[in-house]
2 protein chains.
Amino acid sequence: MSPTSETLTAERILEATEEVLRRHGPAKATVVDVARALGVSHGSVYRHFRTKAALREAVTKRWLDRTSEALSGIVAAEDRDPETRLRDWFTALFDAKRHKAGDDPELFATYTVLTDENGDVVGAHIADLTGQLTLIVRAGVDAGAFHAASPEATARALFQATGRFHDPGYARAWEQPGVQEEFEAVVDLLVRGLRQ
Amino acid sequence: MSPTSETLTAERILEATEEVLRRHGPAKATVVDVARALGVSHGSVYRHFRTKAALREAVTKRWLDRTSEALSGIVAAEDRDPETRLRDWFTALFDAKRHKAGDDPELFATYTVLTDENGDVVGAHIADLTGQLTLIVRAGVDAGAFHAASPEATARALFQATGRFHDPGYARAWEQPGVQEEFEAVVDLLVRGLRQ
DNA sequence: CAGCTGACAGATTTCAATATCTGTCAGCTG
DNA sequence: CAGCTGACAGATATTGAAATCTGTCAGCTG
């Protein structure tokens with residue numbers, strides 16, 4: 001049985017949508033294109049996603065969730081010391097973003113458009129990431145390595161202070177010479193501020 | 001002698017251009033509008049500014065320079081202790097930006113368009129501001145209050161880490177409840193990291 | 001009869017004709 | 001004659017008609 005004759009699922013629609021977005025870009029990707037790629041009528045797509053916006057939102061969420069999952073491994077490594085985990089987490093976040101932006105700039109631009117139109121999903125993603133950070137900060141406080149009156153507020157401050165190295169709005173700066181040093185300077189300053 | 005019959009100077013053209021930008025917005029403000037506001041032909045404007053882009057660049061520079069000048073007073077107050085000056089400087093910067101954005105959102109949006117199209121001018125402005133910060137950091141190091149291997153690099157890190165509170169891209173977040181606390185949390189963390 | 005199709009109305013986008021603007025410059029004017 | 005004007009060519013923006021897309025739904029099909 002060929003893939004095109006399999007049952008139409010939300011999953012298959014999301015995969016086709018990613019492909020259509022990759023090919024046509026965010027401005028020209030239509031629901032009709034997605035249906036055509038799947039060999040169905042566009043009415044069938046609307047059976048799984050109420051609107052085009054909902055479809056694009058789901059694709060956005062998938063994309064963001066992939067980054068969150070990649071980072072959660074560092075949070076879970078509870079045997080390693082908190083400062084190292086904190087530095088590794090930020091380094092992994094920066095590297096992931098930098099590669100996404102640098103390896104396929106067009107696709108990255110496409111997803112930037114998608115995140116811009118899905119503020120709620122992005123908000124949830126940021127809440128997810130600061131949640132991960134909170135776990136590391138709290139572990140540091142419990143181990144007596146970090147000082148933080150409120151691990152949650154401190155995690156938020158850490159995330160915001162490093163925005164230049166993960167906010168897509170700064171993507172162009174990630175290619176400039178010297179960013180790595182700038183990243184390390186900011187993280188060093190923050191880690192010093194965090195130490196007991 | 002009425003103002004409209006005075007000599008046509010670059011200064012008068014810049015003032016008229018600001019007014020036209022305020023009235024029509026960045027997309028519809030034309031050189032012809034500026035000339036009309038001054039009661040001259042548009043050819044005369046081109047006598048003082050080679051292109052429309054050069055005119056808009058000059059307006060942008062003027063606007064940014066006003067902020068720099070307002071902050072330079074804090075840098076100059078060398079009798080006060082460096083940590084206070086550093087906090088005051090960031091507070092003044094954040095307040096200035098927040099008011100510009102909040103008091104007249106339309107005008108702020110206009111200048112955001114202008115800064116976006118004048119990267120060089122913005123770069124010089126940022127260099128100016130980090131230069132001011134460097135002076136404060138160096139004073140702190142000299143007084144034994146701050147630790148910083150390179151005051152210049154540290155100043156850059158401080159500026160970048162506080163981007164969320166001065167970069168126009170985050171203007172919408174400046175209205176949200178809780179920003180003040182977030183600002184203080186970030187500055188506290190950075191100042192702690194800076195202390196000897 | 002669950003799931004899919006395709007015709008349809010209203011919304012949005014495209015495209016090409018038209019209007020306006022930018023930048024130049026020969027000549028006018030005080 | 002220094003500074004300004006306004007006509008002009010090419011570039012850019014606006015507009016409105018035509019094409020396409022979104023979202024619905026009555027009916028088809030396996």
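Note on naming: letters A, B, ... go to the chains in the order of the sequence lines (proteins, then strands), and numbering restarts at 1 for each one. Everything quoted here is computed from the prediction, not taken from an experiment.
- Heavy atoms only, all atoms of each residue included: B:A157 and A:L189 are closest at CB-CD2, 4.2 Å.
- Taking the six-membered ring for Trp and thresholds of 30 and 60 degrees, A:F108 and A:W174 have ring planes more than 60 degrees apart, a perpendicular arrangement.
- Separating the CG atom of B:L38 from the C1' atom of D:dG6 is a distance of 17 Å, rounded to the nearest angstrom.
- Between B:S41 and D:dT5, a side-chain N or O to OP1/OP2 separation shorter than 4.0 Å is present.
- Distances shorter than 4.0 Å separate some side-chain N or O of A:S44 from OP1 or OP2 on C:dT5.
- Side-chain proximity of B:K52 to D:dG23, C:dC4, C:dG23: nearest is C:dG23.
- With rounding to whole Å, B:L8 atom CG is found 17 Å from D:dA2 atom P.
- Using cut-offs of 30° and 60° for the angle between ring planes, the B:F183 and B:F165 rings count as perpendicular.
- Nearer the 5' end of DNA chain D, as judged by each residue's closest nucleotide, is the contact made by A:V32, out of A:R47 and A:V32.
- Residues A:G43 and A:R36 both approach DNA chain D. Their nearest nucleotides, taken by heavy-atom distance, put A:R36 toward the 5′ side.
- Nearest to the side chain of B:Y46, among D:dC4, C:dT22, D:dT24, sits C:dT22.
- For the residue pair A:D65 / A:S68, no side-chain donor-acceptor distance below 3.5 Å is found, with atom types taken as modelled.
- Side chain to side chain, B:K100 and B:T67 meet the donor-acceptor criterion of an N or O pair below 3.5 Å.
- Pair assignment for C:dA17 gives D:dT14, based on Watson-Crick or G-U wobble hydrogen-bonding distances that are each under 3.5 Å.
- For B:H48, counting side-chain heavy atoms from C-beta on, the closest listed nucleotide (C:dT22, D:dC4, C:dA7) is D:dC4.
- Salt bridge status for B:D88 with B:R85: absent, with no side-chain N to carboxylate O gap under 4.0 Å.
- Only at 4.0 angstrom or more do the heavy atoms of residues 13-30 of chain A sit from any atom of DNA chain C, so none qualifies.
- Distance, B:L55 CG to C:dC21 P: 15 Å, rounded to whole Å.
- A:D120 and A:K61 are not joined by a salt bridge, as no carboxylate oxygen comes within less than 4.0 angstrom of a charged side-chain nitrogen.
- Of the candidates D:dA7, D:dG3, D:dT24, the closest approach to any side-chain atom of B:H42 belongs to D:dA7.
- C:dC28 and D:dG3 make up a base pair, with Watson-Crick or G-U wobble contacts both under 3.5 Å.
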